[in-house]
Amino acid sequence: MLEMIRTELAAAIGTALAAMGVEAPQIVVDVPPRRPLGDLAWAGALPLAKTLRRAPRAIAEEVARRLDEARATLPAEHPLAMLEPGCAVEGPGFLNFRLRRGAALARLLREMRESHPRRDERGGPGGVAEAGGSGGGPKCPPKVIVEHTNINPNKAAHIGHLRNAVLGDTLVRCLRYLGHPVEVQDYIDDTGVQVADVVVGFLFLPEERLLAAVGAAWPGLAPAPSRSGVLAAFAARAAAGTLVSDTLGEADLDDLCWDLYPRVTRWYEEDESAAARRAEVLHAVEAGFPSELSLEQAIEDLASSDHGPRTTDHASIARLAAAVAEANVRCHLVTMGRLGIAYDVLPHESDILHRGFWQRAFELLQATGAIRLEEDGKNAGCWVMSLADSPEFAGMADADKILLRSSGTVTYTGKDIAYQLWKLGLLRDAGGALHDFGYRAFVRFARDGAAGPVRYGQGARVLYRTASDPAERPTGVAFGAGGRVYNVIDVRQSYPQKVVKEAIRVLGHPEAAENSIHFAYEMVALTPKAVRRLEETHGLDFGLTAEDMAKPFLEMSGRRGIGVAADALLVTLIREAERAIADRQGEGPALAPELVAARARAIAVGALRYQMARQGRNRVLAFDFDEALAFEGDTGPYLQYSAVRAAKVFEKLAAQGLAGSTETDAGAAAAAAVSDDLWELAFACARTREVVGKALASLEFSLLAGHTRDLAQLFHKLYHEHSVLHAEDEAVRALRRGVFRLFGETIREILEELLGIPVPQEM
RNA sequence: GCGCCGAUGGCUCAAUGGAUAGAGCACCUGACUUCGGAUCAGGCGGUUGGGGGUUCGAGUCCCUCUCGGCGCGCCA
């Protein structure tokens with residue numbers, strides 16, 4: 001409603017200005033900072049003062065006069081009839097308008113009713129993109145691809161990954177809210193050194209070190225723990241599906257790897273011969289394995305050759321690496337699923353390699369002359385892309401980026417260019433056909449409600465993964481070829497992301513380059529206090545210097561094992577939430593444990609997601625336990641509590657037969673004089689779409705978070721001052737109830753659909 | 001060296017170039033025989049890092065300086 005009025009008002013101001021002989025470039029109707037000033041405002045008279053050589057107030061007054069005349073003839077159903085007649089010129093020349101509160105509130109309530117039942121799961125059925133998003137009706141906007149999470153599948157997710165996934169997921173939710181079809185991709189780097197390092201750990205790390213890492217996660221390996229025993233256990237667990245656990249707090253493979261990985265990197269530092277193992281495994285992983293090679297077979301091969309550092313079968317190593325990566329991916333899915341974060345497709349780097357994406361991209365780059373083979377100099381023998389002509393890269397000492405090494409292998413950036421081309425639908429074979437992956441179902445999943453946890457294993461929706469054989473393609477499945485692509489990656493990757501964008505541009509796709517958006521955000525680090533707490537609770541010593549500990553924050557490091565694992569944080573949050581619930585429970589019968597657990601989970605997710613959303617994206621998030629565990633003040637639970645309270649009011653009303661209906665409230669509102677405080681909340685609710693639009697335009701979800709907190713604050717205040725149940729009379733009750741109804745629906749929609757924060761029944 | 005980002009009350013953070021810079025935490029004083037106190041009311045606390053400039057208007061844009069962080073690989 002609000003958007004339509006603003007559009008019409010801007011048009012009317014434009015008409016008035018035109019009649020005054022003024023061609024205003026762009027008319028912006030905004031909202032005054034404080035409601036007493038009005039609901040809508042036009043500040044355009046101020047900049048016009050100079051060109052017109054008239055006082056800004058005089059300009060505003062003339063516009064006001066002409067507007068009044070024009071509006072006098074409008075039909076009653078015109079959007080501008082929703083404004084109070086007349087307008088005020090205030091301050092240096094602001095033109096302020098007021099809405100007819102009662103009528104506007106009635107309209108908001110009726111629109112709210114029309115939009116129900118809620119559109120659930122906008123953005124394609126079951127994760128299957130529909131015909132590249134180009135089908136559908138004429139007004140169907142092009143498909144947007146959002147890539148986020150992208151965790152190396154070699155260890156558990158940490159809080160840095162949480163920031164990525166929460167920002168990415170919030171982006172997805174906001175896009176869908178505004179009607180964009182969205183495809184969510186989680187890129188899996190299953191062939192990189194990080195996976196190789198963990199595999200080195202299983203195969204070549206000195207046995208006692210391996211056993212030390214495995215012991216914590218997999219107790220009961222005895223009686224005679226050994227490397228081959230570990231491998232056998234891995235195979236057994238893979239077969240039984242117990243490398244991954246749905247139970248929060250149970251040690252998964254990713255937790256085992258979290259411990260194993262730093263031991264491997266330490267071994268590299270201590271033992272020079274380890275480097276050869278690393279290279280060998282990496283090479284094996286990149287080469288892949290025949291599809292008929294089973295994990296059992298591979299592990300049997302590997303275990304039988306377990307006599308110290310000896311070269312084993314490369315295909316078997318690759319097969320093990322694939323299993324390690326896959327299990328880690330499944331762990332990550334479960335972790336993110338707990339926060340209500342789901343995906344449509346998992347593009348795998350191994351498939352990019354084996355499907356020849358780089359080969360095709362290389363041909364395209366050569367054909368357009370975007371890259372050249374360096375004959376001599378320090379980059380001799382490499383294919384490089386010159387960045388010298390691009391203003392983005394002006395002033396760089398070395399403006400050439402190597403895409404193909406002299407060894408003939410492709411760099412990370414090279415692969416990324418190929419992948420980005422595919423995402424944009426620009427990776428095409430000579431004949432013009434899309435150069436595409438194959439696909440196969442990875443796992444089924446379901447979720448309850450917009451913010452409920454994502455449960456894997458069964459359900460109506462299917463998460464797909466890529467395959468290297470393009471013939472492998474379930475019917476109706478198509479991914480990639482987006483009209484716009486957001487890559488959610490932390491700011492440290494800005495340089496390669498710019499190179500990718502530049503490559504798209506020089507390949508002759510300037511619009512596509514503009515639609516390749518790097519959603520950059522600052523890293524998550526740890527406060528020294530948080531690091532100390534980690535050392536204490538885990539009995540570790542990260543070996544940090546006094547100088548390190550004096551810094552404002554410390555970078556996490558998977559290699560050194562410094563970090564807060566996502567699941568561990570969630571466990572702590574849930575425990576704290578349970579304690580808070582118990583504290584507030586007072587006397588009376590104890591709650592059922594499942595009930596407490598469900599509420600605590602919702603509160604934990606709310607606290608976590610809100611903390612990630614409320615902070616501006618280009619500010620380092622220095623993680624602190626006390627801050628993360630706060631449930632009062634500017635926190636997720638504060639917002640959840642407002643939604644729970646609003647729902648409670650309606651429960652009580654219903655119990656006394658006073659619930660009314662949207663229609664009775666709308667009718668009452670239309671006839672009522674709406675007080676300032678009630679109006680302030682109603683008007684704020686009406687601004688939600690505008691705020692989502694701004695958040696999306698600036699990629700700043702702090703705007704949405706702030707808006708939500710404003711709503712909750714206004715509500716809590718009203719809640720204290722104006723009882724609905726004990727209202728003086730029915731008219732007053734209906735009006736308050738109408739505003740609370742609007743708030744209740746709005747806050748629930750924002751929390752569950754946009755911020756992914758579940759609203760519990762009770763807290 | 002070049003580039004990007006940050007600096008806002010004691011602390012953590014907000015604020016499409018607009019009107020009186022907002023929250024929370026901490027501290028102090030208050031509020032339930034009425035819809036749940038994870039709440040609310042009030043108080044304390046600011047020359048928005050320094051200096052120039054543009055503008056009718058600057059926390060926001062430009063220049064410069066200081067401090068802090070991060071990038072600038074034939075790593076991924």
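A, B, ... follow the sequence lines: proteins, then strands. Residue 1 opens every chain. All values below were derived from every heavy atom in this structure, side-chain atoms included, with hydrogens, water molecules and symmetry-related copies excluded.
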Output the rounded distance in Å from [atom1] ([X]) to [atom2] ([N]).
{"X": "A/E627", "N": "B/G24", "atom1": "CD", "atom2": "C1'", "value": "10 Å"}
{"X": "A/Y641", "N": "B/C40", "atom1": "OH", "atom2": "C1'", "value": "10 Å"}
{"X": "A/L554", "N": "B/G68", "atom1": "CG", "atom2": "C1'", "value": "14 Å"}
{"X": "A/D490", "N": "B/G6", "atom1": "CG", "atom2": "P", "value": "15 Å"}
{"X": "A/R687", "N": "B/U16", "atom1": "CZ", "atom2": "P", "value": "11 Å"}
{"X": "A/H716", "N": "B/G24", "atom1": "NE2", "atom2": "C1'", "value": "13 Å"}
{"X": "A/F553", "N": "B/G68", "atom1": "CZ", "atom2": "P", "value": "12 Å"}
{"X": "A/R579", "N": "B/A38", "atom1": "CZ", "atom2": "C1'", "value": "15 Å"}

Strictly by Watson-Crick or wobble contacts shorter than 3.5 Å, is anything paired with [N], and which nucleotide is it?
{"N": "B/U12", "answer": "B/A23"}
{"N": "B/G18", "answer": "B/C56"}
{"N": "B/G1", "answer": "B/C72"}
{"N": "B/U47", "answer": "none"}
{"N": "B/G6", "answer": "B/C67"}
{"N": "B/U34", "answer": "none"}

[Y] ring center within less than 6.0 Å of [X] ring center:
{"X": "A/Y638", "Y": "A/H716", "result": "yes"}
{"X": "A/F362", "Y": "A/W383", "result": "yes"}
{"X": "A/F357", "Y": "A/Y419", "result": "no"}
{"X": "A/F715", "Y": "A/F740", "result": "yes"}

With a 4.0 Å cut-off on heavy atoms, is [X] in touch with a base, just the backbone sugar-phosphate, or nothing at all?
{"X": "A/P33", "result": "base"}
{"X": "A/A41", "result": "base"}
{"X": "A/G616", "result": "sugar-phosphate"}
{"X": "A/H518", "result": "nothing"}
{"X": "A/K648", "result": "base"}
{"X": "A/D30", "result": "base"}
{"X": "A/I581", "result": "base"}

Legend entry - Which residue lies more 5' along RNA chain B, comparing A/V649 with A/P552 via nearest heavy atoms: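 Comparing both residues, the 5'-ward one is A/V649.
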Legend entry - Closest-nucleotide 5' rank along RNA chain B - winner of A/V644 and A/R34: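 With A/R34 and A/V644 compared, the 5'-side residue is A/R34.
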Would you check if there is a donor-acceptor pair between the side chains of [Y] and [X] at a distance under 3.5 Å?
{"X": "A/N618", "Y": "A/E522", "value": "no"}
{"X": "A/D189", "Y": "A/Y412", "value": "no"}
{"X": "A/T191", "Y": "A/E349", "value": "yes"}

Legend entry - Check: A/N96 side chain, B/A19 base, donor-acceptor under 3.5 Å: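 Flag set: donor-acceptor pair detected.
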Residue [X], side-chain atoms from C-beta onward, closest of [options]:
{"X": "A/L46", "options": "B/U34, B/C56, B/A38", "answer": "B/C56"}
{"X": "A/M523", "options": "B/A38, B/G37, B/C70", "answer": "B/C70"}
{"X": "A/Q615", "options": "B/C40, B/C13, B/U16", "answer": "B/C13"}
{"X": "A/A580", "options": "B/A15, B/A38, B/C35", "answer": "B/A38"}
{"X": "A/R645", "options": "B/U20, B/A15, B/U39", "answer": "B/U39"}
{"X": "A/I603", "options": "B/A38, B/C5, B/C35", "answer": "B/A38"}

Can you tell me, in whole Å, how much space there is between the [atom1] of [N] and that of [M]?
{"N": "B/C61", "M": "B/G18", "atom1": "C1'", "value": "14 Å"}
{"N": "B/U60", "M": "B/A19", "atom1": "C1'", "value": "16 Å"}
{"N": "B/C65", "M": "B/A7", "atom1": "C1'", "value": "14 Å"}
{"N": "B/G30", "M": "B/G68", "atom1": "C1'", "value": "42 Å"}
{"N": "B/U66", "M": "B/G50", "atom1": "C1'", "value": "7 Å"}
{"N": "B/G52", "M": "B/U16", "atom1": "C1'", "value": "27 Å"}
{"N": "B/G43", "M": "B/U47", "atom1": "C1'", "value": "23 Å"}
{"N": "B/A23", "M": "B/C63", "atom1": "C1'", "value": "33 Å"}

Legend entry - Residue list, salt bridge (Lys or Arg N to Asp or Glu O under 4.0 Å) with A/E578, at least two apart or on another chain: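 With sequence neighbours excluded, A/E578 shows a salt bridge (Lys or Arg N to Asp or Glu O under 4.0 Å) to no residue whatsoever.
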Inset, instruction - May I ask you to decide whether A/R6 forms a salt bridge with A/E690, counting only side-chain N to carboxylate O separations under 4.0 Å? - result: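 Yes, A/R6 and A/E690 are salt-bridged.
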Any side-chain N or O of [X] less than 4.0 Å from the OP1 or OP2 oxygen of [N]?
{"X": "A/Y638", "N": "B/C40", "answer": "yes"}
{"X": "A/R617", "N": "B/C5", "answer": "no"}
{"X": "A/K50", "N": "B/C56", "answer": "yes"}
{"X": "A/R584", "N": "B/A38", "answer": "yes"}
{"X": "A/R619", "N": "B/A7", "answer": "yes"}

Are the side chains of [X] and [Y] in touch, meaning some heavy atoms are under 4.5 Å apart?
{"X": "A/L46", "Y": "A/F94", "result": "yes"}
{"X": "A/L755", "Y": "A/R609", "result": "no"}
{"X": "A/M385", "Y": "A/E502", "result": "yes"}

Inset, instruction - Encode nucleotides 71-76 of chain B as B, S and - characters from 5' to 3', where the letter depends on protein heavy atoms closer than 4.0 Å: B to the base, S only to sugar-phosphate, - to neither. - result: SS-BSB
Legend entry - Residues in contact with RNA chain B, drawn from residues 707-715 of chain A - heavy-atom cutoff 4.0 Å: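 A/R709, A/Q713 - these, ordered by number, are the residues of the stretch whose heavy atoms sit under 4.0 Å from the strand.
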Legend entry - Among A/D665, A/L725, A/V732, A/V649, the one residue meeting side chain to side chain contact (heavy atoms under 4.5 Å, CB included) with A/R737: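 In the set A/D665, A/L725, A/V732, A/V649, the residue that makes a side chain to side chain contact (heavy atoms under 4.5 Å, CB included) with A/R737 is A/D665.
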Inset, instruction - Test the A/R617-A/F519 pair against the cation-pi criterion, namely NZ or CZ under 6.0 angstrom from the six-membered ring centroid and within 45° of the ring axis. - result: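 Flagged: A/R617 positioned over aromatic ring of A/F519.
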Inset, instruction - Kindly state whether the pair A/F94 / B/G18 counts as stacked, where counting means centroids closer than 5.5 Å and planes tilted less than 30° apart. - result: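 Given the distance and angle limits, no, they do not stack.
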